[in-house]
Amino acid sequence: MDLLALADFNLVALHGGFGRAARATGRPKATLSRRVAEMESSLQLRLFERGSHKLKLTQEGMALYERTRTLLTDLDETVNAIASGAARPSGRLRISAPLLFCQLAMGKLAAEFAVKYPDVQLEVTTEDRPVDMVEEGYDLVIRVNPDTDENLYGRTFLRDRLVVVASPDLIRPSVNQPVPAVVRGSSQQTSVWNLITAGGKERLAVNPVLQLSSMIMVRDAVRAGAGAGLLPVSLVSQDLDAGRLVSWGEVEGPEIALWALYPSRRLLNARVSAFLEFLKEVFPSGEPEELAAYVGA
């Protein structure tokens with residue numbers, strides 16, 4: 001396929017018409033029209049519906065535009081980086097991240113990244129569901145303990161652990177007595193907490209007294225003395241240091257790992273590379289206490 005023709009097609013699609021694309025780029029309108037017509041003839045497909053006052057992408061045209069605009073952007077960035085001798089990140093960077101991480105850290109991270117890389121237009125959305133990066137147009141996703149996906153590549157940038165914490169005023173129940181607990185989500189999810197304490201392993205029966213939809217709500221209710229709660233170290237580290245909360249033990253099981261992922265089938269563009277390095281600078285060891293210190297939790 002003629003890359004110049006493909007680039008001209010993308011210009012017309014982006015600006016919504018031959019005249020608009022010509023005025024925005026300085027390219028002759030006749031040249032743009034001719035190249036798009038040649039593409040349609042070569043593909044034997046109509047890419048635009050041409051009305052008297054309006055130009056609209058056909059279904060096939062939209063599919064071609066969605067699939068090629070990012071590739072052309074990456075190609076253009078690569079050429080410019082080689083020509084200048086250094087990759088200067090610029091353009092849009094779309095990131096999907098889980099709710100708790102967004103609530104705690106992403107606002108501050110995004111602001112600092114924007115100051116450091118003013119030519120990058122950062123767009124962050126909160127998603128706990130597994131998104132389709134290619135279909136939904138994300139450059140990078142942050143996920144907690146993601147399932148293995150052969151189409152994605154990435155790295156762990158933060159680790160965390162779960163602990164059971166409570167207000168110092170809450171009396172710890174005796175053996176076999178249920179613990180008044182503040183839980184996230186449905187009470188059917190948890191009936192026992194298996195802990196590792198200084199004295200060994202311990203099982204705590206759970207009696208949910210509050211069911212809340214976010215970890216921050218759980219922490220605030222635990223701070224207020226409503227019951228014990230199962231929370232990440234990063235969220236309660238400073239409360240533990242200040243004595244506002246006490247730890248009853250660490251939960252058995254694998255650590256929580258936050259991953260930054262991107263599609264392995266695409267070249268790692270300068271924007272994604274810059275954000276990955278930025279995360280490494282902010283969280284050099286990846287310990288939960290680093291996240292707590294960063295957000296002042």
Side-chain angles (χ1 to χ4, degrees), residues 1-96 110 113-114 117-125 127 131-141 151-153 260-276:
M1 182 177 288
D2 187 337
L3 284 179
L4 289 176
L6 186 59
D8 284 345
F9 159 75
N10 272 262
L11 287 175
V12 176
L14 174 64
H15 293 286
F18 293 105
R20 291 178 183 175
R23 288 190 294 273
T25 63
R27 302 267 293 152
K29 179 180 177 181
T31 300
L32 294 174
S33 180
R34 175 174 55 81
R35 287 192 180 278
V36 170
E38 289 173 351
M39 270 194 66
E40 290 179 319
S41 176
S42 173
L43 295 172
Q44 297 185 339
L45 290 172
R46 183 173 291 277
L47 301 175
F48 292 102
E49 295 290 353
R50 296 162 173 81
S52 56
H53 301 289
K54 204 171 182 183
L55 198 68
K56 182 180 178 183
L57 283 165
T58 63
Q59 183 176 347
E60 294 80 8
M62 178 61 74
L64 181 63
Y65 177 58
E66 292 291 341
R67 293 287 185 174
T68 59
R69 61 178 178 174
T70 305
L71 294 174
L72 287 173
T73 299
D74 289 348
L75 179 61
D76 186 54
E77 287 179 355
T78 301
V79 171
N80 289 335
I82 292 172
S84 64
R88 294 188 297 269
S90 63
R92 188 176 70 160
L93 175 61
R94 293 195 73 219
I95 296 176
S96 169
F113 184 80
Y117 298 101
D119 293 330
V120 177
Q121 292 82 53
L122 184 59
E123 177 186 332
V124 181
T125 60
E127 296 278 7
V131 300
D132 186 318
M133 293 188 64
V134 176
E135 291 297 327
E136 298 180 52
Y138 286 108
D139 300 291
L140 183 142
V141 298
N151 294 317
L152 297 180
Y153 176 82
L261 303 168
Y262 61 89
S264 59
R265 66 181 180 180
R266 290 173 50 195
L267 293 175
L268 183 60
N269 65 46
R271 298 182 301 279
V272 173
S273 181
F275 194 82
L276 290 173

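All residue numbers in this chain count up from 1 along the given sequence. What you see below is based on every heavy atom in this structure, not just the backbone, and it leaves out hydrogens, waters and symmetry mates.
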Discussion item. Quick check for you: to the nearest 0.5 Å, what is the distance between T125 atom OG1 and Y138 atom OH?
Written reply: 2.5 Å

Fill in: Check: S90 side chain, D119 main-chain N or O, donor-acceptor pair, under 3.5 Å
no

Discussion item. Taking L64's backbone N and O only, do any of them form a donor-acceptor pair with E66's side chain (distance below 3.5 Å, no angle check)?
Written reply: no

Item to complete: Any chance you could measure Q44, atom CD, to E60, atom CD, to the nearest 0.5 Å?
Response: 13.0 Å

Practice prompt. Check for a donor-acceptor pair, side chain of E49 on one end and backbone N or O of K56 on the other, with a separation under 3.5 Å.
Written response: no

Worksheet item: How many angstroms lie between CG in L261 and CG in D139, if you round to the nearest 0.5 Å?
Response: 13.0 Å

Worksheet item: Between G16 and L55, what is the shortest heavy-atom contact and its length?
Response: O-CB, 3.9 Å

Worksheet item: How long is the span from the CE atom in M39 to the OG atom in S41, to the nearest 0.5 Å?
Response: 11.0 Å

Discussion item. Quick check: closest heavy atoms across L32 and A22, and the distance to 0.1 Å?
Written reply: CD1-N, 3.7 Å

Practice prompt. For S33 and F18, work out which heavy atoms get closest and say how close.
Written response: CA-CE2, 3.5 Å

Discussion item. What's the separation between atom CG in L93 and atom CZ in F275, rounded to the nearest 0.5 Å?
Written reply: 7.0 Å

Practice prompt. Quick one: pull up CD in Q59 and CG in L57 and give me the separation to the nearest 0.5 Å.
Written response: 11.5 Å

Enumerate, atom names and distances included, each donor-acceptor pair closer than 3.5 Å involving a side-chain atom of residues 5-12, sequence neighbours excluded.
from, atom 1, to, atom 2, distance (Å)
D8, OD1, R27, NE, 3.4
D8, OD1, R27, NH2, 2.9
D8, OD2, R27, NH2, 2.6
D8, OD2, R35, NE, 3.1
N10, ND2, L6, O, 2.9
N10, ND2, T68, OG1, 3.2

Worksheet item: Are E123 and R94 ion-paired here, with the side-chain N under 4.0 Å from a carboxylate O?
Response: yes

